[in-house]
Each structure stands twice: as structure tokens, then as C-alpha cells.
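Indexing begins at 1, ligand by ligand and atom by atom, following the structure's order. Below, each value reflects all heavy atoms present in this structure, side chains not excepted, and no hydrogens, waters or symmetry copies.
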Amino acid sequence: MWKPDRTAGKPLYRQIYEYLEQGIAYGEWPPGSLLPSERKLAERLGVNRSTVVQAYEELRASGWVESSVGSGTRVARSGWDAAPNWRKYTEGGTILPNLPLMRRIREVARNGDNVIDMANGELSADLFPNEAVADLLQGQRFSEHLGYDDPQGFGPLRKTLVATLLRRLGISATESSVLITSGSQQSLFLITRCLLSPGDAVAVEDPSYCRSLPMFRSAGLRVLPLPVYPDGIEPEDIERLYREHQIRMIFVNPNYQNPTGSVMSAEKRERLLRTAARLRIPIVEDDPFSLTSFGGEPPLPLKASDREGIVLYIGSLSKIAASGLRIGWMIAPRTVIGRLTDARQQMDFGLSVVSQWLAERLLQSEEFGDHLRRLQHSLREKQQKMADALHRHLGRRVSFHLPEGGLNLWCKIDREPDGGKLVEEGIKRGILFLPGSVFGSEPGFVRLSYAKPGLHQIGPGIEAFAHALETL
Ligand SMILES: Cc1ncc(COP(=O)(O)O)c(C=O)c1O
């Protein structure tokens, strides 16, 4: 939420006045609508009530609002030319908004300097390959073409990825079967929008990555749950879903699944590939975490054993290097790559060539291997610290297993508090986390991410979480 800027050199009441005036003029608060009470707005903006009173007085004097005793302050119905009703417009479109709880958490994370963030599945700044990037940028003359790049992705990056994926994950690909995307998120978006149609049924892990669920709903897909067990989903469930609902695609995250951390067993991987091949249903393998593997050697992705070409493989630099580069990739048959490349050209003409150039240099650099080893080591250390703190502050009231990679602990708690209330209690105590409900899970789970907080913040964060839990 917007807040006045105390360093702006403009009186706070004036900033609030202008913020409200613009909202009214743009139709965010239509004529006749009720503005928040002075007390509530003051609380929300973190200012004295008298500051809001002064802003409201100015708005009254300018004719924007009217107040009467007992019925609050309303936007005036006349005296100014009504703007389009922007609020109504924002309810349109085909992309559904995120869940209110997710928006609330995002706002707090964005504004809150005093909050320990265990909600965001993102690396902390010290885990990015900062030095390697600085070295690559320093003194380098950027000599690449600065025009629109190939919408399929920067050629040298596709070539380097082919070599990297083969060397590190056993995946065979050719440059023509690689599409560079703006993170895995864009790969998922393109797949749901270009290869599926509204009304299609898809099988999705339950629980699963919280940001893919609204995307499936926006695309009008029927989402059918595939329960996740400690050794991954059960391929027989796919047979059943196919018979009952004619599912058209399967979405899985076999290595260090988000949120549960589970790793699909080798036997299930084989059966899954066989089942999908027999039923001729494509598998989307979302694999952002393999290279976080603490031991350095993750189980090979499904794609490494995909002889029939049924796996659309998605990867990303977000969890192993830097999410802000927005570099992701998809490996798929050429017909699929062609269709998605055409669509992504309509969306954004392709990714920044500078970012792709940097990613290519980074993957080629000698430092990248060292960076990965340091990252894996730090993540393991942070995970252990979190596990110790959970045992110390919550003992038997919480249970979890320790995945050998990934960024999250999926914790079962000994009761089933309302997820929204628990999050609010956490925010009061300066700790952010995600309740299981946002991943579509049954009550009684939370996902705690150890990647973003500093090592020294993990203990105090878990202590605050334990206090929040005690209140419910
Ligand atoms: C399982 C999974 N898929 C996809 C993404 C999207 O990541 P990005 O678009 O940054 O690559 C995430 C991010 O948290 C994730 O956890």
C-alpha cells in the first residue's frame, strides 16, 4: 500500500491530499463512495490522525469530498467531471487477481523493513553470484547487437544451456529445441495459454506451487489434484484421472517439490514416463531446484530419460543464481517451441539481450561452479539452523522432514489454525510465512522458506512464529 514519503520535503498532509485527489479523479473511489475513517487511514499510513484530518479538510474545501456527522466522508457526487470508473475496469480482463492473502503478504514484504521474510522463496542478496557478475561487467565492452533479439532467445545462451544441461543434469537438447523465457513463470504461462484451451482438465500436484494455481484458473483449466507423497505423486492416479476426466496435461516438480520438498522415487519416475507415454499425455516438468541439491548430485530430471519426447522441461536461474535476471528456459519439441516463440513475440518481443548475455557469460564462467557449491553449502546451513530453531521453540508441536535441496520446509503443525489469522499474528510479531492453504493444501501446514532471511534472523524468526502460533 502507498505511504507518504517523509524524506520528500513536502508536508505529509499534502501528500495524502494528492494521493486521495488522484484516486478520486481516476475513479478509484467513485462518486458517493465512502472514504476510510480518519483514524483507520492514519493507522494504515502510519501518521498522526491530525495529519489525515487536515488532508480531508483540504479535500472538502476543494469540493472533492463531503462529510456529514455520523456518516463519514464520501466522494462528492457533483461539482467535477467524473472520470471513467477505473475500479470497474480493473475487475475485467482474463487474468484473475492473486489471492487476497498473497497480496497482503506481498505488500508487507515490500514495505516491511522490520519483518523477517520466510514467505518469499527467493535467495538472500548474499547468495547471488555478486562477485562473478561484477567481474563479468567490469571492463567488458558489450559488443552484441542491441536491437530486438530473436524471440526464441539469444543464440549463444541457448548454445551454452544445451552444454550446461547435458553436463549437469544429463539432459540432451539442441539449440532449436530451447526457448528462453522470462523465468519459469513465463514458460508456465505460455504452456497454459497456447497448448491448452478453457475447459481442458489438467493434473496438478496437491499441494503445489502457489503462483501456478491462479494461472491455471485464469486460463479456464479444470485443475485435478494429484496427491504428493514423500516419494512423489502416484502414477496410478494419472490413469484414474485420465479415465474419469480425460486430463490433457500433467504438471510435476519431481526434485525438491515446492512446497513439500519431496523427491520422486526412481521407480515412480519410470512408471510416470511409461504411463504418460502410453496415454499420450504430455508431462510438464517444472525443475527450478535441482541444482540447489546439497550433495551436488540431484536425481536426474525426468527429461534426462525422456525417449518419446513427452516431457516439456522448464528451468530457471531464479533459485540458483539471481531471480532478478528473469532468465528461464524450456526444452520442448520444435513444433511446440515454434508455436510458443510466435506467442511470446506477441507478448514482449523477447527478453532483454543484456540480461541474456550476462546469463550466458555467467554459465560459462569458471566461478559458476564455485558459486553453486557455496550456494548449496549455505542453503544446507540455513536449513539446519531452521530445523534446530523449530525443535527448540516448538518441539513436538511441529513435524517436518529435511529435503536434500530446495529452499523450503513444509511443516505440519499439531493443530489447524485459520491460515489468514496465523499470518496476521505473525505480521504483528515481524515474521512472514505462507500458510498451506495458498498451495491448495489441507489445513494445519505452513511453508517456511530459509533462503531469504539472513542466517542470524532464522532463530528469532522461528521464535516469533512460535509466539504467533501460541496465540491461536
Ligand atoms: C516450482 C516453481 N516454479 C516456478 C517458479 C517461478 O520462478 P521464476 O519465474 O522466477 O523462474 C517458482 C518460483 O518460486 C517455483 O517455486
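In this model, no donor atom of one side chain and acceptor atom of the other lie less than 3.5 Å apart for Thr471 and Lys428. For the residue pair Arg334 / Ser176, a side-chain donor-acceptor distance below 3.5 Å is found, with atom types taken as modelled. Asp287 and Tyr313 share a side-chain donor-acceptor pair at under 3.5 Å.
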For a distance cut-off of 3.5 Å, show me each N or O of ligand 1 paired with any protein N or O, plus the separation.
residue, atom, partner, partner atom, Å
ligand 1, 3 (N), Asp286, OD1, 3.3
ligand 1, 3 (N), Asp286, OD2, 2.6
ligand 1, 9 (O), Ser184, N, 3.1
ligand 1, 9 (O), Gln185, N, 2.9
ligand 1, 9 (O), Arg326, NH2, 2.9
ligand 1, 10 (O), Ser318, OG, 2.6
ligand 1, 10 (O), Arg326, NH1, 2.8
ligand 1, 11 (O), Ser184, N, 2.8
ligand 1, 11 (O), Ser184, OG, 3.1
ligand 1, 11 (O), Ser316, OG, 2.7
ligand 1, 11 (O), Ser318, OG, 3.3
ligand 1, 14 (O), Lys319, NZ, 2.7
ligand 1, 16 (O), Asn258, ND2, 2.8

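Glu28 pairs by the side-chain hydrogen bond (donor to acceptor under 3.5 Å, both in side chains) definition with nothing, not counting sequence neighbours. With sequence neighbours excluded, the residues satisfying side-chain hydrogen bond (donor to acceptor under 3.5 Å, both in side chains) with Thr260 are Gln257, Ser262. Scored by the side-chain hydrogen bond (donor to acceptor under 3.5 Å, both in side chains) test, Glu360 finds Thr160, Gln364 as partners (sequence neighbours excluded).
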